[in-house]
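Inspection log for the structure reproduced underneath, given as structure tokens.
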Amino acid sequence: MDSLSQIALGAAVGVAVMGQLTARTAVWKAALWGAVAGTLPDLDVLIDHGDPIRNMVLHRAETHAPFWLTLFSLPMAALAAWLSGDWANRALRWRWWLAIWLALVTHPMLDAFTVYGTQLGLPFSNHPYGLGSVFIIDPSYTLPLLLGTAWALAGRGSGWGLRANVAGLAISSAYLGWGLLAQQHVASVARGALAAQGIVADRLLVTPAPLTTLLWRVVAVQADAYHEGFRSLLDTGPQMVFDRFPRGTALWPAVSGMDGAQRIAAFSHGFYKLDVVAGQLRISDLRMGQEPNYVFTFALAQQQAGAWVPLAVPVQQGARVDVGRAWAWLWRRALGQPVAPPR
């Protein structure tokens, strides 16, 4: 999720765990330390792994693994208790550890609800988990956390303020549950629509559109093509319109030996395409963005004398999006209007 959501979650968790102990430890301290712990895992974006593809796939790795975060929570909690003047109180020391630990580990757990891929199992497994049931930025998730924590801070740890904070956590958590249910509903509708159109998919992706869980994007991948469609929860009837696009699988032999291509193929769980633009062979992660614009598109090779020559370093190519046109389409389509996506 975005940094604001992680800060809000960490602060809310810190206040909730300290609870009535905020009578001795100021509620703002619990919120501050929770917010710091909640955002720390994302500092791995400052690490340069040598090229943009490695930077992408190695984000949300060790710093997002509960195993390592649990070990890190011990010295961080000790520091929080000491700086807060609570080190002498054993009960408070342990409560600080619980608050810091939960603020740290809920960060990757929340990230795993997005589609990006979070390596929760390190150091035992580098599998990138991504449920894809919530968009990376969604105000409906973040606002309850912000309001609940603000209420607790305004009440300076009073009973009603702490209850408001817990309510914010409960509402935001319920929203995550709602996203999972909506995702399964759309997946069921999509499978029926694909079958009715004679499309047999090797794998299916269902993810929410930006900022909402009303509109969902569906990608059905076949060996040499993928089909993209959209489904609003306000749509009536089982019909879905799918557009077919080539995956460029014939280009795979030219890049199969490249580290970057192998990493994207694995990290995207097979949701990728290859194409050629301006004499460059590119790979795109189909999970983030929509046709023809993808957040993670990388040039891998340059055509020279009829052959593909690998670039020294993959080059990330940004998408050119008409924001005004895309925004207008997004909300019209989310409200159930059958308008074609901008291409």
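Worth knowing before you read on, the calculation uses all heavy atoms, side chains too, and leaves out hydrogens, waters and symmetry mates.
- One N or O on the side chain of Arg231 and one on the backbone of Gln239 form a donor-acceptor pair closer than 3.5 Å.
- At a cut-off of 3.5 Å, with distance as the only test, no side-chain donor of Thr39 or Ser3 sits close to an acceptor on the other residue.
- Of all non-hydrogen atoms in Phe242 and Gly229, the two that sit nearest each other are CD2-N, 3.6 Å.
- For Leu147, there are no side-chain contact (heavy atoms from CB on, under 4.5 Å) partners at least two apart in sequence or on another chain.
- For the residue pair Ala12 and Leu145, the shortest heavy atom distance occurs at CB-CD2, 4.0 Å.
- Residue pairs that meet the salt bridge (charged side-chain N to carboxylate O under 4.0 Å, His left out) test with at least one member in residues 125-142, sequence neighbours left out, do not exist here.
- Residues Val189 and Pro238 come closest through the heavy atom pair CG1-O, 4.1 Å.
- One N or O on the side chain of Thr114 and one on the backbone of Asp111 form a donor-acceptor pair closer than 3.5 Å.
- In this structure, the side chains of Asp235 and Arg333 come closer than 4.5 Å at one or more pairs of heavy atoms.
- The heavy-atom pair separating Ala193 from Met240 by the smallest distance is CB-CB, 3.8 Å.
- Of the possible polar contacts, none joining the Ser188 side chain to the Gln184 backbone as a donor-acceptor pair under 3.5 Å is found.
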Quiz item: Stepwise, does the side-chain contact (heavy atoms from CB on, under 4.5 Å) test hold for His64 with Gln119?
Solution: CA-CA 7 Å; His64 286 64; Gln119 298 174 50; over 6 Å; no
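- For the salt bridge (charged side-chain N to carboxylate O under 4.0 Å, His left out) condition, the pairs that include at least one residue of residues 283-292, sequence neighbours left out, are Lys273-Glu291, Asp285-Arg287.
- Residues satisfying the side chain to side chain donor-acceptor pair (under 3.5 Å) test with Asp243, not counting sequence neighbours, are Arg343.
- For Trp331, the CH2 atom is densely surrounded, since the number of other residues' heavy atoms within 6.0 Å is greater than 12.
- Ala164 is linked by a side-chain contact (heavy atoms from CB on, under 4.5 Å) to Trp151, counting only residues two or more places apart in sequence or in another chain.
- In this structure, Gln6 contributes its side chain and Pro108 its backbone to no donor-acceptor pair below 3.5 Å.
- Remark: side-chain polar atoms of Arg217 are paired, donor with acceptor, to backbone N or O of Gly289 under 3.5 angstrom.
- Listed for the Asp2 side chain is a donor-acceptor partner under 3.5 Å among the backbone atoms of Ser5.
- Each of Val115, Ile264, Leu205 was checked for a side chain to side chain contact (heavy atoms under 4.5 Å, CB included) with Phe271, and the lone residue meeting it is Leu205.
- The main-chain N or O of Asp275 is never found under 3.5 Å from a side-chain atom of Arg282 such that the two would form a donor-acceptor pair.
- Put simply, the side chain of Ser172 gets close to the backbone of Leu169: a donor and an acceptor are under 3.5 Å apart.
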Quiz item: Under the ring pair (Phe, Tyr, Trp, His ring centres under 6.0 Å) criterion, do Tyr141 and Phe113 qualify, and how do the steps go?
Solution: CA-CA 12 Å; Tyr141 173 80; Phe113 281 88; 8.5 Å; no
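- Within the structure, side chain to side chain donor-acceptor pair (under 3.5 Å) contacts touching residues 244-259 (residues at least two apart or in different chains) are Asp259-Arg263.
- Heavy atoms only, all atoms of each residue included: Gln290 and Pro341 are closest at NE2-CB, 4.0 Å.
- Between the side chains of Asp44 and Thr63, at least one donor N or O lies within less than 3.5 Å of an accepting N or O.
- A heavy-atom distance below 4.5 Å is found between the side chains of Arg95 and Val17.
- By the neighbour-count criterion of 12 heavy atoms within 6.0 Å, atom CH2 of Trp82 is sparsely surrounded, having that number or fewer from other residues, nucleotides or ligands.
- For the pair Pro128/His269, a side-chain contact is recorded, criterion being any heavy-atom separation below 4.5 Å from C-beta on.
- Rounding to the nearest 0.5 Å gives a distance of 11.5 Å between CG of Leu69 and CG of Leu74.
- For Gln197, there are no side chain to side chain donor-acceptor pair (under 3.5 Å) partners two or more places apart in sequence or in a different chain.
- Within the 4.5 Å cutoff, no side-chain heavy atoms of Glu228 are placed close to those of Leu286.
- Every pair passing ring pair (Phe, Tyr, Trp, His ring centres under 6.0 Å) that includes a residue from residues 280-322 is listed here, sequence neighbours excluded: Tyr116-Phe296.
- Residues passing the side chain to side chain donor-acceptor pair (under 3.5 Å) test with Ser73, sequence neighbours excluded: Trp97.
- By the 4.5 Å heavy-atom criterion applied to side chains, Leu153 and Asn165 are not counted as neighbours.
- Ser84 has its side chain within reach of Trp33: a pair of non-hydrogen atoms, C-beta onward, lies under 4.5 Å apart.
- When all heavy atoms are compared, the tightest approach of Pro52 to Pro314 is CG-O, 3.1 Å.
- With Gln302 contributing its side chain and Leu311 its backbone, the two residues share no donor-acceptor pair below 3.5 Å.
- In this view, Ser133 satisfies the side chain to side chain donor-acceptor pair (under 3.5 Å) rule with no residue, not counting sequence neighbours.
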Quiz prompt | CA sep, side-chain torsions, deciding dist, call: Leu211, Trp327, side-chain contact (heavy atoms from CB on, under 4.5 Å) | solution = CA-CA 11 Å; Leu211 308 178; Trp327 187 260; 3.3 Å; yes
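- Within the 4.5 Å cutoff, side-chain heavy atoms of Asp42 are placed close to those of His59.
- Contact check for Lys29 versus Leu83: no side-chain heavy atoms found under the 4.5 Å cut-off.
- His49 pairs by the side-chain contact (heavy atoms from CB on, under 4.5 Å) definition with Ile47, Arg54, Asn55, Leu58, not counting sequence neighbours.
- A donor-acceptor pair under 3.5 Å links the side-chain atoms of Ser232 to the main chain of Leu234, judged by distance alone.
- In this structure, the side-chain contact (heavy atoms from CB on, under 4.5 Å) partners of Ala220, at least two apart in sequence or on a different chain, are Leu194, Ala201, Leu204, His227.
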